[in-house]
Amino acid sequence: MFAAGGSPFPFTPKGLEEAARRDMPREHFDYIAGGAGRERTVAANEAAFGRWGLTYRVLRDGAPADPSRTVLGTPMSMPVMLAPAGVAELAHPEAEAAAARAAERVGAVQVLSAVTSTPLEDVAEAAPNGQRWFQFAWPDDEKLARSLIERAEAAGYTAIVVMGDCHVAGWRTRELSSGFFPFQHAHGLGNYVSDRRFWELAGFGSVPDGLTPEMVAAAAETWNRVFTKPALQPEDLALLRSWTSLPIVVKGVCRPDEATRLCAEGVDGLIVSNHGGRQLDAGVAALDCLPPVAAAVGGRVPVLFDSGVRTGTDALIALALGADAVMIGRPWLYGLAVGGQAGVEHVLRSLREEFTGALALTGHRTCASLSEADVRAVPPTEKGMTA
């Protein structure tokens, strides 16, 4: 619980976003907050939660709710994970290491982005007792791909999240307007500039101690050339399986037919996501994709959800519609911007408290009993109404 006297950080999603806007350089904020095109997918992701209402139960037994979960063998204090959001140094100089410490203290899982500001080993060292998964952007070089997987395993990451929703750059108008493209300056390349194979591809023989302007330019060019494999099919997952014994989760699944195919290929989990609206404008809200994907999976593997989650009740709605856990991206980066590790902790603790209360008010002791019976579609005339 929060102590009397409140918090130095905002409690509302909009308040947190506005605080981050004030504290960050404009081009940094726009990179994190921005979406593709007119940002209709970003808006649709958040608006979709308003189309569902929770039904609460009365005269319960009063037993405290337990929000903890275990997904793919990974325990978590609540079903809210840190999404793989990259280039965290734009929000705070301690970047993903500060987020890792916050997640460790709250008992949340950090899914580390492929494009971190901090090398994956350093993030793991920052929170040695934390739970962490690694997002794998499959490079167009097999030796580099295998190196990243081997490094993640050695550093204690316990699942591999294959990035399936960012193989082509989105039309991000805020970035185009500002002219700020972080990767051109080697921001967010921590996992690459710490990798010997990456520097071999860049024309250097070993990992340098520091980056000269020439090396920054070479790193940016090399990363742009090999960041993602242009042709990636479900059957390629068998190759990844030969490289690692860790669970393999595919992120970016929005269609039930693709979910069925991936289950047939032996994935261990799926993440319903449209990359937070950063890739494709005019996209279907990710939440609208969740029930049909969950139905197609039929409980064969865990289904996680990402895109548009801002509150504890958002998380509860997603779980009622079939998710096993959810991820947050922009909120933890905003928390990082306004307070570093303490800001991320604030975001996570706020979500856990709200989620736990809502879990109890809907009549549940644990997440496992949530179902579609806990939600109903809200008629248009009811949208936006408050008590």
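To the nearest 0.5 Å, atoms OG1 (Thr366) and CG (Leu359) are separated by 7.0 Å. For the atom pair Thr41 OG1 and Asp281 CG, the distance stands at 5.0 Å (nearest 0.5 Å). In this structure, the separation between CG on Leu211 and NE2 on His185 is 14.0 Å, given to the nearest 0.5 Å. Residue Leu287 holds its CG atom at 8.5 Å from CG of Asp314, rounded to the nearest 0.5 Å. Leu270 CG to Phe305 CZ: the interatomic distance, rounded to the nearest 0.5 Å, is 14.0 Å. Distance check: Ile271 CD1 to Cys254 SG gives 11.5 Å after rounding to the nearest 0.5 Å.
A 4.5 Å side-chain heavy-atom check between Val162 and Ile248 finds at least one atom pair inside the cut-off. Side-chain contact check for Arg57 versus Asp374: some heavy-atom pair is nearer than 4.5 Å. Side-chain contact check for Thr228 versus Met163: some heavy-atom pair is nearer than 4.5 Å. Side-chain contact between Phe355 and Leu319 is present, with at least one heavy-atom pair separated by less than 4.5 Å. Using a 4.5 Å cut-off on side-chain heavy atoms (C-beta onward), Arg330 and Pro13 make no contact. Considering only heavy atoms from C-beta on, Glu372 comes within 4.5 Å of Leu321 through its side chain. Here the side chains of Asp140 and Arg225 are not in contact, with every heavy-atom distance at 4.5 Å or above. Between Arg174 and Glu39, the closest side-chain pair of non-hydrogen atoms falls below 4.5 Å.
Under the 4.5 Å side-chain heavy-atom criterion for grouping Ile, Leu, Val, Met, Phe, Trp and Tyr, Phe11 is not connected to Val80 through any hydrophobic cluster. Tracing side-chain contacts under 4.5 Å through hydrophobic residues (I, L, V, M, F, W, Y), one reaches Val250 starting from Val272; they form part of the same cluster. Under the 4.5 Å side-chain heavy-atom criterion for grouping Ile, Leu, Val, Met, Phe, Trp and Tyr, Val111 is not connected to Leu82 through any hydrophobic cluster. When hydrophobic clusters are built by joining Ile, Leu, Val, Met, Phe, Trp and Tyr residues whose side-chain heavy atoms come closer than 4.5 Å, directly or via intermediates, Leu144 is grouped together with Leu120. Under the 4.5 Å side-chain heavy-atom criterion for ILVMFWY residues, a single connected hydrophobic cluster contains both Leu336 and Leu112.
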- Message: Run the side-chain contact (heavy atoms from CB on, under 4.5 Å) test on Ile149 and Leu240 for me, step by step, so that the C-alpha distance in whole Å, both residues' side-chain angles and the decisive distance to 0.1 Å come before the verdict.
- Response: CA-CA 9 Å; Ile149 294 295; Leu240 178 58; 3.9 Å; yes
- Task: Go through the steps for Trp138 and Leu239 under the test side-chain contact (heavy atoms from CB on, under 4.5 Å), then give the verdict.
- Result: CA-CA 12 Å; Trp138 200 312; Leu239 177 61; 4.1 Å; yes
- Task: Apply side-chain contact (heavy atoms from CB on, under 4.5 Å) to Trp223 and Val115, showing your working.
- Result: CA-CA 10 Å; Trp223 177 84; Val115 286; 3.8 Å; yes
- For the pair Val344 and Gln341, evaluate side-chain contact (heavy atoms from CB on, under 4.5 Å) and give the outcome as yes or no after the intermediate values. CA-CA 5 Å; Val344 181; Gln341 175 184 334; 6.0 Å; no
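Sorted by first and then second residue, the salt bridge (Lys or Arg N to Asp or Glu O under 4.0 Å) pairs with a member in residues 186-212 read Asp141-Arg197, Arg151-Asp195, Arg196-Glu200, Arg197-Glu200; sequence neighbours excluded.
Among residues two or more places apart in sequence or in another chain, the ring pair (Phe, Tyr, Trp, His ring centres under 6.0 Å) test is passed with Phe204 by Trp199. Every residue two or more places apart in sequence or in another chain was checked for a ring pair (Phe, Tyr, Trp, His ring centres under 6.0 Å) with Tyr31, and none qualifies. Residues that satisfy the ring pair (Phe, Tyr, Trp, His ring centres under 6.0 Å) test with Tyr334, not counting sequence neighbours, are Phe29.
Of all non-hydrogen atoms in Ala20 and Val338, the two that sit nearest each other are N-CG1, 3.5 Å. Nearest heavy atoms, Arg105 versus Arg349: O-NH2, 4.0 Å. Taking every heavy atom of both residues into account, Ala145 and Trp243 meet most closely at CB-CZ3, 3.7 Å. Residues Tyr157 and Ala124 share a closest heavy-atom pair of OH-N, 3.9 Å. Between Pro379 and Arg376 the shortest heavy-atom distance is CD-NH1, 3.7 Å. Taking each heavy atom of Ile160 and Ala152 in turn, the nearest pair found is CD1-CB, 4.4 Å.
Panel note: side chain Asp324, backbone Val303; a donor-acceptor pair is recorded below 3.5 Å. Panel note: side chain Arg310, backbone Ile328; no donor-acceptor pair is recorded below 3.5 Å. In this structure a side-chain-to-backbone donor-acceptor pair under 3.5 Å is missing from Thr244 to Arg241. Side-chain atoms of Thr260 come within 3.5 Å of backbone N or O of Pro256 as a donor-acceptor pair. Judged by distance alone, the side chain of Asp236 and the main-chain N or O of Gln233 form a donor-acceptor pair under 3.5 Å. At distances below 3.5 Å, not a single donor-acceptor pair connects side-chain atoms of Ser273 with backbone N or O atoms of Lys251. Judged purely by atom type and a 3.5 angstrom limit, Gln110 has no side-chain atom pairing as donor or acceptor with the backbone of Arg132. Between the side chain of Asn224 and the backbone N or O of Glu221, no donor-acceptor pair lies under 3.5 Å. Between the side chain of Arg51 and the backbone N or O of Ala377 there is no donor-acceptor pair closer than 3.5 Å. When atom types are taken as modelled, the side chain of Thr173 and the backbone of Gly37 share a donor-acceptor pair closer than 3.5 angstrom.
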With a cut-off of 3.5 Å and sequence neighbours excluded, list every side-chain donor-acceptor pair involving residues 71-78.
unit_1: Thr74; atom_1: OG1; unit_2: Trp133; atom_2: NE1; d: 3.0
unit_1: Thr74; atom_1: OG1; unit_2: Thr158; atom_2: OG1; d: 3.4
unit_1: Ser77; atom_1: OG; unit_2: Val106; atom_2: O; d: 2.8
unit_1: Ser77; atom_1: OG; unit_2: Gly107; atom_2: O; d: 3.3
unit_1: Ser77; atom_1: OG; unit_2: Arg352; atom_2: NH1; d: 3.4

Which pairs of donor and acceptor atoms, one on a side chain in residues 85-92, lie under 3.5 Å apart (sequence neighbours left out)?
unit_1: Glu89; atom_1: OE1; unit_2: His187; atom_2: ND1; d: 3.0
unit_1: Glu89; atom_1: OE2; unit_2: Ser117; atom_2: OG; d: 2.8
unit_1: Glu89; atom_1: OE2; unit_2: Gly188; atom_2: N; d: 3.3
unit_1: His92; atom_1: ND1; unit_2: Glu94; atom_2: N; d: 3.0

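Heavy-atom neighbours of Glu214 CD from other residues, nucleotides or ligands within 6.0 Å: at or below the threshold of 12.
Salt-bridge check for Arg172 with Asp30: failed, with every basic side-chain N at 4.0 Å or more from each acidic carboxylate O. Note on Arg261 versus Glu258: no salt bridge recorded, every NZ/NE/NH1/NH2 to OD/OE distance being 4.0 Å or above.
Between His346 and Phe9, the two ring planes are tilted [angle within 30° to 60°].
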